[in-house]
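First, the structure itself, so that you have it in front of you.
For clarity, every value in this text was computed on a predicted model and none was experimentally measured. Computed over heavy atoms, backbone and side chain alike; hydrogens, waters and symmetry mates excluded. All ligand and atom numbering here is 1-based and tracks the order in the structure. Position 1 is the first residue of the sequence; numbering continues from there.
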Amino acid sequence: MIIIGEKINGSIPSAAKAIAERDEAYIRELARKQSESGADYLDVNAGTPPDIERETLAWLIGLVQDEVDTPICIDSSNPETILEMIPLVKKPGMINSVSDEANKCERLFPHVASGEWKIIALTCDDRGIPAAPDRKFEIAGAIMKKADSFGIAQDRIFFDALVNTVGTTPLAQVSFTEASRRIKEAFPGVHLTSGLSNISFGMPCRKAINQCFLTLAMNSGLDSAIMDPTNSDMRAALYATQVLLALDEDCVDYLSAYRGGLFGVPKKP
Ligand code: THG
């Protein structure tokens, strides 16, 4: 699994406070802890109004890069902001995200076509976020066609089939996994990712739902997630699922998580 650490995000109240107060130590700690917990990328989302988003993101990106070597995932819904941030990032990471909305692909693809940047592609367009797997799949096809036309290889695209909220859309998980399966079948080289937690919006005990969703989605080919890698219950579910899906050769990741104390203090033999 490719883990994208979600915690540097201005929509989380504690991170918003640190951003407002320009609390460097707090942001550095979020970066370090997530990297130590196995994050492959660190998502950086300002969560601020557009007028101060660029300045905030630039500050966050500078701090994260100074603290850790983990590549950055630039998270903004504004393609112009993403374009301004790319030159500030030391080594290619991810852009989060493109979609089939307006001219996002047309604006961003020329700048990342050559090179190693990975691209998160959302299955939404100017009509919004569809719930039906057919529409999610159709949008993925439209984005893939554009990526192809710029010569962007499938393995640089991470499709996020945008899971709906199960409280209002009972088939949210079923639709997400069906769309993800069909996308992977049609474009076998792509990766599949998800922000996971949208599924549980408005429900009590969200973590239980998020955790079971991670397992079900991995069973349908999810090979990446935007998640909190410091949440040991989520990591335990992730490593255990990898073992059960025969994705963890010789249980190397599972055992190393065990030795690292993920399931409590290892017992002496
Ligand atoms: N898809 C893509 N990008 C995304 C999202 C997505 N970016 C933003 C968001 N959704 C993913 N990021 C977050 C960040 C924080 C939380 C949820 C989604 C959150 N975190 C809790 C906290 O830090 O308090 C902890 C959760 C936990 O411990 O598991 O709520 O869908 N492409």
Side-chain angles (χ1 to χ4, degrees), residues 2-19 26-27 29-31 33-34 37-48 53 57 60 72-79 81-82 93-101 104 108 117-124 128-131 136 139-140 143 157-166 169 172-173 175-176 179-180 183 190-215 217 222-238 262:
I2 298 165
I3 300 174
I4 305 163
E6 72 181 12
K7 292 192 80 75
I8 303 178
N9 188 319
S11 57
I12 301 173
S14 51
K17 183 166 176 280
I19 291 170
Y26 187 88
I27 302 296
E29 194 184 338
L30 287 180
K33 275 194 176 159
Q34 292 187 99
S37 303
D40 298 293
Y41 293 88
L42 293 178
D43 191 79
V44 178
N45 181 317
T48 49
E53 186 191 23
L57 268 180
L60 288 169
I72 285 175
C73 174
I74 307 171
D75 189 348
S76 170
S77 55
N78 183 344
T81 303
I82 293 179
M94 287 182 148
I95 58 170
N96 185 12
S97 53
V98 303
S99 69
D100 206 26
E101 284 165 283
K104 278 195 180 181
L108 287 166
W117 283 87
K118 309 277 197 269
I119 299 153
I120 298 184
L122 310 180
T123 56
C124 61
I129 299 176
K136 291 180 193 281
I139 295 171
I143 296 173
I157 310 268
F158 285 61
F159 272 110
D160 178 345
L162 289 178
V163 70
N164 301 82
T165 298
V166 77
T169 309
Q173 186 279 134
S175 300
F176 174 89
S180 297
I183 291 169
V190 303
H191 296 275
L192 298 173
T193 196
S194 170
L196 301 179
S197 61
N198 202 39
I199 194 164
S200 61
F201 190 74
M203 298 284 279
C205 199
R206 294 184 64 175
K207 287 183 181 181
I209 294 178
N210 297 347
Q211 196 177 310
C212 292
F213 174 49
L214 173 66
T215 297
L222 195 84
D223 64 355
S224 163
I226 305 165
M227 58 180 265
D228 177 2
T230 68
N231 176 336
S232 50
D233 291 337
M234 285 300 270
R235 279 173 62 221
L238 187 153
L262 180 62

Proximal ligand 1 atoms for S197, defined as those under 4.0 Å from one of its heavy atoms
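Those atoms are 17 (C), 18 (C).
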
Checking K136 side chain against A161 main chain: does a donor-acceptor pair fall under 3.5 Å?
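It does hold such a pair.
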
Would you mind reporting whether L108 and I119 have side-chain heavy atoms less than 4.5 Å apart?
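No; the side chains remain at least 4.5 Å from each other.
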
Mark yes or no for whether Q211, through its side chain, and A237, through its backbone, hold a donor-acceptor pair below 3.5 Å.
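Checking the backbone N and O of A237 against the side chain of Q211, no donor-acceptor pair under 3.5 Å is found.
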
Counting non-hydrogen protein atoms only, what is the nearest one to atom 24 (O) of ligand 1? Give residue, atom name and distance.
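Nearest neighbour among protein heavy atoms for atom 24 (O) of ligand 1, to 0.1 Å: I12 CG2, 3.9 Å.
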
Look at the rings of H191 and F158 and say which category their plane angle falls in: under 30° parallel, 30 to 60° tilted, over 60° perpendicular.
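H191 vs F158 ring planes: parallel.
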
Less than 3.5 Å apart, any donor N or O on the side chain of N9 or S11 sitting next to an acceptor on the other?
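Present: a donor and an acceptor within the cut-off.
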
Option nearest atom 28 (O) of ligand 1 (shortest heavy-atom distance, choices T193, L214, L30, D228):
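Nearest option to atom 28 (O) of ligand 1, by heavy atoms: D228.
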
Closest approach of S99 to K104 (non-hydrogen atoms, all atoms of both residues)
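Scanning both residues, the minimum pair turns out to be OG-CD, 3.7 Å.
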
When you measure from atom 16 (C) of ligand 1 to every protein heavy atom, which one gives the shortest distance, and what is it?
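Residue, atom and distance for the closest contact: E6 OE2, 3.4 Å.
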
Per-atom contacts, ligand 1 versus I120 - under 4.0 Å to a heavy atom
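Listed by number with element, the hits are 32 (N).
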
Run the numbers for me: atoms of ligand 1, each under 4.0 Å from some heavy atom of K7, listed by number.
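Close to K7: 23 (O).
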
Got F213 and V166 here, is their nearest side-chain heavy-atom distance under 4.5 Å?
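Sidechains of V166 and F213: no contact.
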
Give the numbers and elements of all ligand 1 atoms closer than 4.0 Å to a heavy atom of N9.
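So the answer, numbered in order with elements, is 8 (C), 12 (N), 14 (C).
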
Nearest-neighbour protein heavy atom for atom 32 (N) of ligand 1, which is reported as residue plus atom name and distance:
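It is N96 OD1, 2.9 Å.
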
Counting only nitrogen or oxygen atoms and a 3.5 angstrom limit, does D43 reach ligand 1?
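No; every N/O pair is 3.5 Å or more apart.
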
In sequence, state the C-alpha distance, the side-chain angles, and the governing distance for K7 and N231, and then conclude on side-chain hydrogen bond (donor to acceptor under 3.5 Å, both in side chains).
CA-CA 11 Å; K7 292 192 80 75; N231 176 336; over 6 Å; no

Distance filter under 4.0 Å to L122 heavy atoms, resulting ligand 1 atoms
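Near L122, the atoms of ligand 1 are 32 (N).
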
Below 4.0 angstrom, counting only protein heavy atoms, does anything approach atom 30 (O) of ligand 1?
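No.
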
Does I2 have more than 12 heavy atoms from other residues, nucleotides or ligands lying within 6.0 Å of its CD1?
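Yes, the 6.0 Å shell around CD1 holds more than 12 heavy atoms from other groups.
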
Judging by distance only, is a nitrogen or oxygen of N45 under 3.5 angstrom from one on ligand 1?
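There is no such contact.
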
Protein non-hydrogen atoms only, distance under 4.0 Å: does atom 10 (N) of ligand 1 have such a neighbour?
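It does not; no protein heavy atom is within 4.0 Å.
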
Among L162, L222, N198, which one satisfies side-chain contact (heavy atoms from CB on, under 4.5 Å) with F176?
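It is L222, the one option of L162, L222, N198 that forms the side-chain contact (heavy atoms from CB on, under 4.5 Å) with F176.
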
Are any of the N or O atoms of D160 closer than 3.5 Å to those of ligand 1?
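By distance alone, the answer is yes.
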
Can you tell me the protein heavy atom closest to atom 8 (C) of ligand 1 and the distance?
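Among all protein heavy atoms, the one nearest atom 8 (C) of ligand 1 is D75 OD2, 3.5 Å.
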
